[in-house]
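Here is the structure we will look at, set down as structure tokens.
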Amino acid sequence: MSAQPKIRLRGLTKAFGDKVVLDGIDLDVMAGTSMVVIGGSGSGKSVLLKCILGLIEPDAGSIEIDGKNILALDRAGREEARKHIGMLFQNGALFDSLPVWENVAFGLLAQKKVERRAARAIAAGVLAQVGLADSVGDLWPSELSGGMQKRVGLARAIAAQPDVLFFDEPTTGLDPIMGAVIDGLIVDCVKKLGSTAIAITHDMASAKRIGDRAAMLFKGRIVWQGAASELMDSGNAMVDQFTHGRREGPIQMELRK
Amino acid sequence: MNAVLDFIATVGRAVLGACRATGHLTLFALEGLSHLFRPPFYLRAFLRAMLEIGFLSLPVVALTAVFTGMVLALQSSTGLARFSAESGVANLVVLSVTRELGPVMAGLMVAGRVGAAMAAEIGTMRVTDQIDALTTLSTNPMKYLVAPRLLAGLIALPLLVLVADILGVLGGFIISTLKLGYNTGIYLNNTINFLQTEDVVSGLVKAAMFGFLVSLMGCYHGYNSKGGAQGVGAATTSAVVAASVLILAFDYVLTELFFAR
């Protein structure tokens with residue numbers, strides 16, 4: 001295992017005011033594998049993804065993709081790097097002023113300058129990959145159910161065939177069956193594209209289905225890393241408490257009295 | 001002593017806050033404008049904004065203009081009855097409408113109609129991560145969302161005001177001739193004789209400025225909104241209030257520039 005990791009984070013730190021959200025994150029994700037990051041609400045999971053995407057500027061540390069530190073790149077370099085990353089947002093974040101097919105083909109229309117007519121056909125193909133009929137392409141995002149919105153969001157993320165895929169709580173707000181369906185689609189897409197994936201979630205069933213490896217984030221630090229299959233019996237007291245949903249344990253919820 | 005210091009501190013904080021906000025806004029405006037000169041350009045987004053700001057505002061601007069012209073004729077004829085009323089009314093209507101009321105009324109109506117909608121749309125996109133999603137899809141949100149709207153505001157409002165000018169003068173003409181019984185030919189003659197190019201042009205320049213301000217306020221407040229539905233609501237209110245106040249303030253400044261001798 002001397003291969004260089006696809007994504008390598010070192011000492012990533014971010015604070016908002018005096019609230020430290022990321023406190024020196026070190027994380028490696030090997031090419032073609034899926035990393036699941038678990039952690040409670042407010043543990044900094046979303047901020048971690050937004051830092052890698054360049055939506056939030058970290059205070060310190062490095063983010064290397066294919067060995068290149070993207071924080072050291074200029075604006076054009078970052079935009080170039082971002083073209084190879086697809087992201088599925090927590091609530092889909094579909095553009096509600098555009099029909100579904102244009103949502104799916106948005107990245108293609110924006111960067112590769114395909115003709116609109118060709119884009120329509122490509123969108124139909126991508127929609128089929130996530131199990132949606134061609135006719136869905138003419139609907140508006142607000143006309144779709146939550147599960148369908150997630151599928152369209154997934155289709156939009158994979159349309160430009162990115163090397164790296166991010167999933168922000170892909171199953172939150174879905175029923176368990178739809179959650180399993182989305183997980184299945186995610187695994188299929190990642191395998192088919194050969195992409196490297198990072199998913200953040202607090203749904204254990206989903207974490208085991210999507211991930212090859214897993215890491216737990218607590219108070220801005222990685223407190224455990226291991227194979228995703230070991231999540232339920234990791235031997236780490238914090239992970240055990242989290243995955244089994246126990247109230248008592250090393251993690252104390254800070255509630256106001 | 002402490003009370004005095006507290007007071008000074010409060011004033012100081014407010015002043016600093018205002019400076020910071022002005023700086024943010026200026027940078028935002030400059031960045032938005034700079035995207036108008038750097039490709040790629042989003043023609044569809046621009047045309048959509050033109051439709052929204054210009055064409056769909058036509059009915060409300062037209063109605064406002066007609067009634068404003070009618071009221072002007074009615075009010076001024078009572079006041080000017082003692083003097084040479086006929087030429088006075090025509091003069092007052094045509095100058096007020098082209099220089100002042102056309103641009104200001106159209107600006108305020110568009111601020112209410114379009115500024116609010118813009119802030120709400122962009123604000124919702126912000127709080128539902130759609131703006132972040134644009135970035136992840138290799139699209140600069142300032143270029144895609146803000147620049148086309150700024151340009152559309154700049155172009156659409158002068159066109160609207162041209163329509164408003166014509167309808168405002170028409171409103172005054174209808175009341176003067178049908179209700180007040182002035183002679184049609186003399187009234188028209190007076191209108192045309194008094195009207196000069198600079199009256200109309202200064203009004204159109206004002207309109208371009210007001211249109212830009214409305215778009216800028218809608219985009220700026222929407223873009224920087226946070227905190228869900230309440231945040232979007234607050235952004236919408238701020239956009240309309242700020243645009244309206246700025247329109248009146250800049251109206252004064254521009255009038256000073258054009259007409260003060």
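Computation of the quantities below employed the complete heavy-atom set of this structure, encompassing side-chain atoms and omitting hydrogens, waters and symmetry-equivalent molecules.
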*Under a 4.5 Å heavy-atom cut-off, does chain A meet the side chain of B:Ile131, its backbone, both or neither?*
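Contact with chain A involves no heavy atom of B:Ile131 at all.
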Please classify the contact between [X] and chain B as side chain, backbone, both or neither, with a heavy-atom cut-off of under 4.5 Å.
X: A:Arg78; result: neither
X: A:Phe95; result: both
X: A:Leu98; result: side chain
X: A:Ile85; result: backbone

_Shorter than 4.5 Å, heavy atoms on both sides: which option in A:Gln90, A:Lys83, A:Arg116, A:Arg156 has the most such pairs with chain B?_
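Highest number of pairs under 4.5 Å: A:Arg116.
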*Sort out for me which of A:Asn91, A:Leu53, A:Asp96 touches chain B most, counting heavy-atom pairs under 4.5 Å.*
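Sorted descending by pairs with chain B, the first entry is A:Asp96.
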*Heavy-atom side-chain contact between B:Thr135 and A:Lys50 under 4.5 Å*: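 The answer is no; the side chains never approach within 4.5 Å.
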*asked:* Within the 4.5 Å heavy-atom criterion, are B:Thr136 and A:Phe166 side-chain neighbours or not?
replied: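 No, too far: nothing below the 4.5 Å cut-off.
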_Quick check: under 4.5 Å, non-hydrogen atoms only, which of residues 108-130 of chain B neighbour chain A?_
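Answer by number: B:Glu121, B:Met125, B:Thr128, B:Asp129, B:Gln130.
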[X] atom [atom1]: more than 12 heavy-atom contacts under 6.0 Å:
X: B:Arg20; atom1: CZ; value: no
X: B:Gln230; atom1: CD; value: no
X: B:Phe250; atom1: CZ; value: no
X: A:Phe16; atom1: CZ; value: yes

In Å, rounded to the nearest 0.5 Å, how long is the span from [atom1] of [X] to [atom2] of [Y]?
X: B:Arg44; Y: A:Glu102; atom1: CZ; atom2: CD; answer: 5.5 Å
X: B:Thr139; Y: A:Phe106; atom1: OG1; atom2: CZ; answer: 4.0 Å
X: A:Glu79; Y: B:Ser138; atom1: CD; atom2: OG; answer: 8.0 Å
X: A:Met87; Y: B:Leu137; atom1: CE; atom2: CG; answer: 11.0 Å

_Residue list, side chain to side chain contact (heavy atoms under 4.5 Å, CB included) with B:Ile155, at least two apart or on another chain_ =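 B:Phe46, B:Met50, B:Leu151, B:Leu159.
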